[in-house]
Amino acid sequence: MRQSILLTAVLGTLSLAQVSYAAEAEEKAPAAVEAKSPWAATANIGFVSDYYARGISQNWHKPSVQGGLDITHDSGFYVGAWGSNVTPNTFPDATAEIDVYGGYNGSVPGVEGLGYSVGLIGYLYPGGSWKKYRSSAALGPDGANTVLTPRGGRWDTAEVNFGLAYGWLSTKLSVTLTDWFGAERATGWDGSTKGSTYFEVNANYPLPWWDLTLVGHVGQLNVNGKLDTTFTSDGGINGPSTSFSGASSPDYTDYKIGLSKAFKIGASEGWNGGIYYVGASNKQYWGENGYGGTSFNGKGDATRAQSKDLNEGRLVFTLTRTF
């Protein structure tokens, strides 16, 4: 009996110890972590005082409202879409640009901090085409204005791109898989412009003051073809246009320098503001007397009332929010 009582006491003590240990362990055990999705989505909306892309104003030196959606995966895969208003003065019959893109970001094996990217992007201009382009700027042999109507040539363009990034410095090469924004033989070029390239170097250097970032950019466009300055849709019966500078190559070097700053408005995060000076070379083509600065809008004439220096150096202000 005594042995039974002693055994019962020992077993009871052990049982209580086990219960106490189990309860303590349960208290100390971390709560189960919910599985995190490998996918993430962000949206953005922004305002720019002048929509410059690769050194050229896309909206006739007027403000633009822009926005987009990006979906990323932990593996490095990404897809997205982005849009902005543009002007028919630059892109006949188009009032919007929609970019659809996808690709992959990864790290270069064996080189710490060096990343790479490969991607595809399509620039879409719904309704926009050279087909409805009109120009009264061409003068025939008798001095009268004639109308040029190029055949075909949608603005829509597809590119493949390859990039490298290390720290605050990055580079990217883009190559067109289609004709460069409708530039083809039917629209007055010396042939197909597939394979046109754009190479860029970008810097985003964090400054030690007020959380500012110094932004720098240099790019070089090389179009795989030239404009035929003698081109007319009537086969040359009325002669070539005489109101433009005669520059046949749109190639240029563009630049961008400025400051950006991320900030909050109250409890609202994801804001970013910037001020930049942007522009490009080749005034002969993109200036007010060049084909790019006048003829695209179909309203150029000797008075140059509808002309613009689309690559003019200007200050541009931006305000965006990502959420």
Might you point out which heavy atoms bring [X] and [Y] nearest each other, and give the distance in Å?
X      : Y      : value
Pro206 : Asn204 : CD-O, 3.5 Å
Arg154 : Gly127 : NH2-N, 3.8 Å
Asn161 : Ser174 : CB-OG, 3.6 Å
Asn311 : Gly287 : OD1-N, 4.1 Å
Gly258 : Leu214 : O-CD1, 3.5 Å
Ala280 : Tyr255 : N-CE2, 3.7 Å

Any side-chain donor near an acceptor of the partner, [X] and [Y], under 3.5 Å:
X      : Y      : result
Tyr252 : Asn222 : no
Asp179 : Ser192 : yes
Tyr51  : Glu97  : yes
Ser64  : Asn59  : yes

Rounded to the nearest 0.5 Å, what separates atom [atom1] in [X] from atom [atom2] in [Y]?
X      : Y      : atom1 : atom2 : answer
Asp93  : Trp155 : CG    : CH2   : 10.0 Å
Ser117 : Asn105 : OG    : CG    : 5.5 Å
Leu120 : Tyr101 : CG    : OH    : 13.5 Å
Lys308 : Ile56  : NZ    : CD1   : 14.5 Å
Thr42  : Asp70  : OG1   : CG    : 4.5 Å
Ser107 : Tyr116 : OG    : OH    : 7.5 Å

Could you please spell out the steps behind the side-chain contact (heavy atoms from CB on, under 4.5 Å) verdict for Leu124 and Asp99?
CA-CA 6 Å; Leu124 309 177; Asp99 302 345; over 6 Å; no
Residues pairing under side-chain hydrogen bond (donor to acceptor under 3.5 Å, both in side chains) where one sits in residues 162-172, two or more places apart or in two chains, turn out to be none
Give every residue pair that meets the side-chain hydrogen bond (donor to acceptor under 3.5 Å, both in side chains) criterion with at least one member in residues 270-282, sequence neighbours excluded.
Ser268-Trp271
Using the salt bridge (Lys or Arg N to Asp or Glu O under 4.0 Å) criterion, which residues pair with Glu200? Sequence neighbours excluded.
none
Decide yes or no for [X] and [Y]: does some side-chain heavy atom of the first lie under 4.5 Å from some side-chain heavy atom of the second?
X      : Y      : result
Glu312 : Tyr52  : yes
Asn85  : Thr95  : no
Thr197 : Phe199 : no
Val218 : Thr253 : yes
Tyr198 : Asp254 : yes
Ile275 : Leu315 : yes
Phe181 : Tyr125 : yes
Pro126 : Ile98  : yes

Any donor and acceptor pair, going by atom type alone, linking the side chain of [X] with main-chain N or O of [Y] inside 3.5 Å?
X      : Y      : value
Thr193 : Val223 : no
Arg185 : Asp190 : yes
Thr187 : Gly182 : yes

Test side-chain contact (heavy atoms from CB on, under 4.5 Å) on Phe91 and Gln58; report intermediate values, then the result.
CA-CA 8 Å; Phe91 300 97; Gln58 308 293 296; 3.2 Å; yes
With sequence neighbours left out, what residues match His217 under ring pair (Phe, Tyr, Trp, His ring centres under 6.0 Å)?
none
Please step through side-chain contact (heavy atoms from CB on, under 4.5 Å) for the pair Asp309 and Trp286, ending with a clear verdict.
CA-CA 6 Å; Asp309 279 337; Trp286 295 102; over 6 Å; no
Is there a path of hydrophobic side-chain contacts, each under 4.5 Å between heavy atoms of I/L/V/M/F/W/Y residues, joining [Y] to [X]?
X      : Y      : answer
Tyr285 : Val278 : no
Phe162 : Leu169 : yes
Val100 : Val160 : no
Leu164 : Val111 : yes
Leu259 : Val215 : no

Please say whether more than 12 non-hydrogen atoms of neighbouring residues, nucleotides or ligands are located less than 6.0 Å from CH2 in Trp210.
no
Around atom OH of Tyr205, are there more than 12 heavy atoms from other residues, nucleotides or ligands closer than 6.0 Å?
no
For Thr176, enumerate each residue passing the side chain to side chain contact (heavy atoms under 4.5 Å, CB included) test, keeping only those at least two apart in sequence or located in another chain.
Thr157, Glu159, Trp180, Ser196
Please set out all donor-acceptor pairs under 3.5 angstrom arising from side-chain atoms of residues 75-84, sequence neighbours excluded.
unit_1 : atom_1 : unit_2 : atom_2 : d
Ser75  : OG     : His73  : ND1    : 2.9
Ser84  : OG     : Gln66  : NE2    : 3.2

Step-by-step side-chain contact (heavy atoms from CB on, under 4.5 Å) determination, Val175 to Leu173
CA-CA 7 Å; Val175 183; Leu173 173 66; 4.1 Å; yes
Result for side chain to side chain contact (heavy atoms under 4.5 Å, CB included) between Ser260 and one of Thr213, Thr320, Leu212 points to Thr213
